[in-house]
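The next block holds one structure in the form of structure tokens; read it before the comments.
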There are 2 protein chains.
Amino acid sequence: MSFVARCLATSAIRFAKEATTISTTCKFAPVVTVAANNFARHFSSFPNGLIFRQLFDQQSYTYTYLLADEQTKEAVLIDPVIELVKRDVNLINDLDLKLVYALNTHVHADHVTGSGELKKLHTSCRSVISEVSGAVADVKVKEGDTISFGKHSLKVLSTPGHTNGCLTYVMYQDGKAVMAFTGDALLIRGCGRTDFQEGNSSTLYDMVHGKILSLPPTTFLYPAHDYTGQTVTTVGEELKYNPRLTKNKDEFITIMQNLNLPYPKAIDRALPANLVCGLYEVEENKG
Amino acid sequence: MSFVARCLATSAIRFAKEATTISTTCKFAPVVTVAANNFARHFSSFPNGLIFRQLFDQQSYTYTYLLADEQTKEAVLIDPVIELVKRDVNLINDLDLKLVYALNTHVHADHVTGSGELKKLHTSCRSVISEVSGAVADVKVKEGDTISFGKHSLKVLSTPGHTNGCLTYVMYQDGKAVMAFTGDALLIRGCGRTDFQEGNSSTLYDMVHGKILSLPPTTFLYPAHDYTGQTVTTVGEELKYNPRLTKNKDEFITIMQNLNLPYPKAIDRALPANLVCGLYEVEENKG
């Protein structure tokens with residue numbers, strides 16, 4: 001772990017700890033109270049017949065998710081990383097799966113997507129991204145669309161604020177949300193930055209509260225990144241302990257305006273590549 | 001991710017890929033055949049009422065596992081890392097849990113255990129390690145013992161070979177093994193090294209095949225480390241794809257004799273500390 005990353009992790013931990021002692025003043029306080037009483041007692045279960053693997057890129061701290069139907073073997077990958085496509089393909093082959101979609105939650109600035117490489121290796125695979133992202137993809141989706149694989153499906157929610165095209169993919173079981181893949185909209189005890197691409201703190205606050213933190217408190221939330229070694233959270237936890245999103249909107253915007261984060265080191269390579277499934281002048285970078 | 005780590009990861013991926021094309025000649029071949037037909041279709045579910053979190057240390061590539069009972073809130077941590085105790089304690093507090101045990105799978109050589117620090121912060125916490133390890137702990141366990149928290153329990157299996165005191169903790173649901181925490185005995189598409197401490201390749205081979213890979217093919221296996229960003233595997237996958245353990249015993253021993261791994265950089269600090277719950281001359285290293 002790099003020194004910078006360890007500092008980030010330590011800061012995040014401290015920030016999270018401090019947040020537990022701060023009284024919640026945001027307009028969603030009643031929901032917070034309900035969640036705090038229930039979320040630790042009734043955690044969701046994974047959907048029946050779902051194969052699920054969480055994968056990590058130790059360079060960009062990105063989580064890639066493999067989901068598949070046990071019966072039909074149809075599989076999707078959420079947020080694959082180009083350097084790790086071989087790892088992901090090995091796992092897909094080992095589990096005897098058929099990759100049907102490579103989904104991106106948004107146009108990433110910190111790594112190049114593996115969508116294009118996956119399409120080369122799995123002819124059944126189609127790339128998916130938000131239609132408002134402006135990126136090239138086989139399937140362009142919008143709010144309310146559904147991505148199906150076997151008996152399972154992911155519902156598409158538009159959750160802009162980090163970028164205009166940010167999506168959250170939600171999986172339901174018996175009509176109830178049980179898992180959501182939040183991209184950079186919501187991170188564990190944090191959220192994506194809003195100071196580049198089409199970032200907008202006000203929009204992010206409204207989208208996260210209105211569409212993600214309004215899911216059942218037991219819903220598992222799987223982010224696109226974590227810098228502290230955590231793998232998952234729940235709606236209930238973030239409603240109670242997210243050090244930024246438990247604040248009111250004005251306080252949230254002030255926090256986001258004062259993060260003073262460095263220029264993303266991979267952005268100049270990643271953005272143009274990610275607008276075309278990761279295959280723009282990146283041949284020399286393949287893993 | 002360091003250059004060395006990325007090289008290790010790349011090698012592991014290549015090794016795993018090659019293994020898929022090698023015919024299996026080990027004495028467990030009949031079991032492999034059965035597993036290959038079934039393991040991808042019938043994955044285990046998590047036990048009802050279990051809170052489960054997988055946590056990662058990006059410096060030593062160690063996985064720490066938090067398991068707890070939803071009703072009683074009693075919790076255990078498997079293989080905590082001293083620098084990340086504050087992260088783990090924050091999560092335990094956020095989830096309103098009561099830590100009752102800090103378990104170590106063995107005397108680690110690559111990081112210092114967080115057991116001692118956890119005991120300082122949670123007076124209810126007792127440290128646990130194998131009695132044959134020679135280490136100090138509140139509870140010393142052996143083959144067949146059980147560690148209980150709420151309605152859940154972990155059965156202790158003695159799985160030496162990486163060290164004499166290596167343990168695997170197995171969780172059952174309705175009498176069937178569903179999860180096993182394998183420490184360094186079995187890693188995803190790999191295994192722990194056998195060239196220091198009390199390492200013995202022959203013993204490791206027998207223990208892993210006899211006690212871990214003989215569990216049901218659907219059993220989830222959670223290792224103490226992964227260097228490739230993978231988080232979990234199953235008995236069925238390792239029976240079919242583990243590039244070392246699908247070999248016969250003589251071939252396995254030859255592989256292990258020729259790994260030519262570097263001297264573990266943290267061993268001189270970690271071993272004396274881990275023999276006393278991680279609190280030996282490590283005050284300056286606390287996270």
Side-chain angles (χ1 to χ4, degrees), chain A residues 1-2 5-6 9-10 12-14 16-17 19-20 36 39-43 45-46 48-64 68 70-71 73 81 83-84 86-91 93-97 189 226-234 237 240-241 287, chain B residues 1-2 5-6 9-10 12-14 16-17 20 36 39-43 45-46 48-64 68 70-71 73 81 83-84 86-91 93-97 189 226-234 236-237 240-241 287:
Chain A
M1 188 180 190
S2 71
R6 191 157 280 264
T10 305
I13 291 165
R14 284 191 187 137
K17 191 175 183 184
T20 65
F39 74 86
R41 287 202 189 104
H42 306 289
F43 282 85
S45 296
F46 286 155
N48 295 328
L50 179 74
I51 295 172
F52 176 67
R53 294 292 168 93
Q54 187 166 10
L55 302 153
F56 185 59
D57 173 24
Q58 289 145 349
Q59 196 153 60
S60 67
Y61 300 89
T62 299
Y63 281 122
T64 297
E70 275 188 12
Q71 293 300 320
K73 306 295 183 74
V81 174
E83 288 87 354
L84 296 172
K86 286 183 183 173
R87 174 199 65 186
D88 301 346
V89 166
N90 282 344
L91 181 58
N93 291 341
D94 285 358
L95 297 179
D96 193 24
L97 303 175
R189 309 293 191 268
D226 190 79
Y227 305 92
T228 71
Q230 296 186 81
T231 52
V232 65
T233 184
T234 62
E237 282 171 63
K240 192 171 183 187
Y241 296 118
Chain B
M1 189 180 190
S2 71
R6 191 157 277 266
T10 306
I13 291 166
R14 284 193 186 135
K17 192 174 182 184
T20 65
F39 74 87
R41 286 202 190 105
H42 307 289
F43 281 86
S45 298
F46 286 155
N48 295 328
L50 179 74
I51 295 171
F52 176 65
R53 294 292 167 92
Q54 187 166 11
L55 302 153
F56 186 58
D57 174 24
Q58 289 145 348
Q59 196 154 60
S60 66
Y61 301 88
T62 300
Y63 281 122
T64 297
E70 276 188 10
Q71 293 300 321
K73 306 295 184 73
V81 175
E83 288 87 355
L84 296 171
K86 286 183 182 174
R87 173 198 67 185
D88 301 346
V89 166
N90 281 344
L91 182 58
N93 291 340
D94 286 357
L95 297 178
D96 193 24
L97 303 176
R189 310 295 191 265
D226 190 78
Y227 306 92
T228 72
Q230 296 187 81
T231 53
V232 65
T233 184
T234 62
E237 282 170 63
K240 191 170 183 187
Y241 297 118

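Throughout, a chain's letter reflects where its sequence line sits, starting with A, and its residues are numbered from 1. Reckoned from all heavy atoms, side chains included, excluding hydrogens, waters and symmetry mates.
Contact annotation for A:N48: neither backbone nor side-chain heavy atoms come within less than 4.5 Å of a heavy atom of chain B.
Distance alone, capped at 3.5 Å, places no donor-acceptor pair between the B:R53 side chain and the A:Q230 backbone.
Atom CG of A:L95 and atom OH of B:Y241 lie 7.5 Å apart (nearest 0.5 Å). Expressed to the nearest 0.5 Å, how far CD of A:Q58 lies from CG of B:D226 amounts to 7.5 Å.
Looking at B:D94 and A:R189, their side chains come closer than 4.5 Å, going by heavy atoms from C-beta outward.
Under the rule for a ring pair (Phe, Tyr, Trp, His ring centres under 6.0 Å), the partners of B:F56 that lie at least two apart in sequence or sit in another chain are A:F56, B:Y63.
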